[in-house]
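Accompanying notes for the structure given below.
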Amino acid sequence: MNEIKVASTLPIYATIFGLIAVAMNLFLIPMPLGFICGLIAFIMGIISFVRHRKSNGLMLSLVSFLIFLLWTASIVIPIWVDPTLQISLK
């Protein structure tokens, strides 16, 4: 009669992938891998939020996307604005 409630590992995996994504997105070189880990954490975070109401992995993936966006903007905007760094497509 006593039902044992099995804990899901999906929120834990989402949190782990979110931490890996944040750590990789803090540095410039492994940023593409951090973006992929962030996508995985985002998908698992949404699923774990819907099923278990735990949003740790989802929040970490959003933080990693914010870091990715800041890195991308800090590289693209100076190239876009500075006339000496213009890249011609000819």
Side-chain angles (χ1 to χ4, degrees):
M1 296 292 166
N2 292 341
E3 292 183 23
I4 298 173
K5 195 171 191 179
V6 177
S8 176
T9 58
L10 190 64
I12 296 170
Y13 285 137
T15 304
I16 290 171
F17 273 105
L19 285 172
I20 291 170
V22 167
M24 286 187 174
N25 282 339
L26 285 175
F27 302 107
L28 187 61
I29 301 299
M31 201 167 67
L33 293 174
F35 184 74
I36 293 170
C37 287
L39 281 176
I40 293 170
F42 184 73
I43 292 167
M44 287 194 298
I46 288 177
I47 294 170
S48 68
F49 181 73
V50 169
R51 289 186 184 171
H52 308 288
R53 295 288 182 224
K54 295 188 178 183
S55 63
N56 298 339
L58 184 62
M59 291 301 132
L60 283 171
S61 68
L62 293 176
V63 168
S64 75
F65 289 145
L66 178 67
I67 294 169
F68 181 81
L69 181 70
L70 289 174
W71 269 114
T72 306
S74 69
I75 293 170
V76 171
I77 289 176
I79 293 173
W80 181 46
V81 173
D82 192 5
T84 61
L85 296 175
Q86 293 293 325
I87 299 172
S88 64
L89 298 175
K90 292 181 182 181

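Residue numbers start at 1 and run along the sequence shown.
Distance check, rounded to the nearest 0.5 Å: CD1 of Ile20 to OG of Ser64 gives 11.0 Å. Leu69 CG to Leu62 CG: the interatomic distance, rounded to the nearest 0.5 Å, is 12.0 Å. Between the CG atom in Asp82 and the CD1 atom in Ile77 there is a gap of 13.0 Å [rounded to 0.5 Å]. Put simply, CG on Asn56 and CD1 on Ile16 are 11.5 Å apart, with the number rounded to the nearest 0.5 Å.
When Leu39, Ile43, Ile40 are each tested for a side chain to side chain contact (heavy atoms under 4.5 Å, CB included) with Phe17, only one passes: Ile40.
The two residues Gly38 and Ala21 come nearest to each other via the heavy atoms N-CB, 3.4 Å. In terms of heavy atoms, Ser48 sits closest to Lys54 at OG-O, 3.4 Å. Taking both residues in full, the closest heavy atoms of Asn25 and Met31 are given as OD1-O, 3.3 Å, listed atom of the first, atom of the second, then distance. The minimum heavy-atom distance between Ala41 and Ala14, with the atom names listed, is CB-O, 3.6 Å.
Follow the hydrophobic side-chain contacts under 4.5 Å out from Ile46 and you never reach Leu66; the two are in separate clusters. Residues Phe35 and Leu19 are members of one and the same hydrophobic cluster, defined by side-chain heavy-atom contacts under 4.5 angstrom among Ile, Leu, Val, Met, Phe, Trp and Tyr. Linking ILVMFWY residues whenever their side-chain heavy atoms come closer than 4.5 Å, directly or via other members, leaves Phe65 and Val76 in distinct clusters. Under the 4.5 Å side-chain heavy-atom criterion for Ile, Leu, Val, Met, Phe, Trp and Tyr, Val22 and Met44 are members of distinct hydrophobic clusters. Transitive grouping of hydrophobic side chains (ILVMFWY, heavy atoms separated by less than 4.5 Å) brings Leu58 and Phe68 into a common cluster.
Arg51 forms no cation-pi arrangement with Phe49, by the criterion of a distance under 6.0 Å to the ring centre and an angle within 45° of the ring axis.
Among residues at least two apart or in separate chains, there is no side chain to side chain donor-acceptor pair (under 3.5 Å) pair with a member in residues 65-78.
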